[in-house]
Each structure stands twice: as C-alpha cells, then as structure tokens.
Amino acid sequence: MTNLGALVKRRRLVLGLTQEEICRRMGKRPAGGTVSRIEKGNRGGGSYLTARGLAGALDLPVEKIVSAMRRDNKHWPLPRDRAPGIHAD
C-alpha cells in the first residue's frame, strides 16, 4: 500500500465512510473505483484536483494529501502556479 493509499483508507475508516461515499463527496462516479484504486496503490500520482477532492472528502488539509502523493512519487508534478500556497515538500 502506498502512503496515499494508507492515509485515505485510515481516514475513511475513522470517518465511518465507504469508498463509494468518498467518491460521491469528491464528485466522482462511485462505480468508477477511484478510491479503491487509490487505497490499493493502483493509481498514478494523480492531479492537484484529485488531491483537493480527496482533502475535501476526507476533511483533511490538502497539504497532507499532497505530502503523501510526493512521498509516493518524489517527481510528482505540481506546478506552483496551479496550487498556490501548497508547500508540502
């Protein structure tokens, strides 16, 4: 499991939510399996929009999600102009 996957699963369970409920909170189709793939580590680095969606769905600071994404992939692209104020190196 990746850093991001572990973080997402742990927080989801603390909140007592299903993967489908997290998808809905992110504005994604529950049948798409987005959260399942993230938890299993079968998803690439994702995007800033994914990080922001996860943060909102899990009630976490976006920096925490970005930090986990960067631990999984130190080359994860995140142009500073697309993510103002994010400094989770």
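Everything quoted here is computed from the prediction, not taken from an experiment.
- Rounding to the nearest 0.5 Å gives a distance of 12.0 Å between CZ of R25 and CG of L54.
- Taken from CD in E20 to CD1 in I22, the straight-line distance is 10.0 Å, to the nearest 0.5 Å.
- Taken to the nearest 0.5 Å, the CD1 atom of I38 stands 7.5 Å off from the SG atom of C23.
- Annotation for R71: atom CZ counts as buried by contact number, over 12 foreign heavy atoms lying within 6.0 Å.
- Nearest heavy-atom pair, A57 versus L15, reported as atom, atom and distance to 0.1 Å: O-CD1, 4.3 Å.
- Formation of a donor-acceptor pair under 3.5 Å by the N3 side chain with backbone atoms of M69 is not found in this model.
- Taking all atoms of both residues into account, the shortest heavy-atom contact from L7 to A68 is CD2-CB, 4.1 Å.
- Scanning all heavy atoms of the two residues, the minimum distance from R11 to L58 falls at NE-O, 2.8 Å.
- The residues R12 and E21 are annotated as not salt-bridged, no charged nitrogen and carboxylate oxygen being separated by less than 4.0 angstrom.
- Between A55 and P61, the shortest heavy-atom contact is CB-C, 4.1 Å.
- Of the options R10, K9, Q19, a side-chain hydrogen bond (donor to acceptor under 3.5 Å, both in side chains) to E39 is made by Q19 and by none of the others.
- Applying the side-chain contact (heavy atoms from CB on, under 4.5 Å) test between L4 and each of V66, N73, I65 identifies I65 as the sole match.
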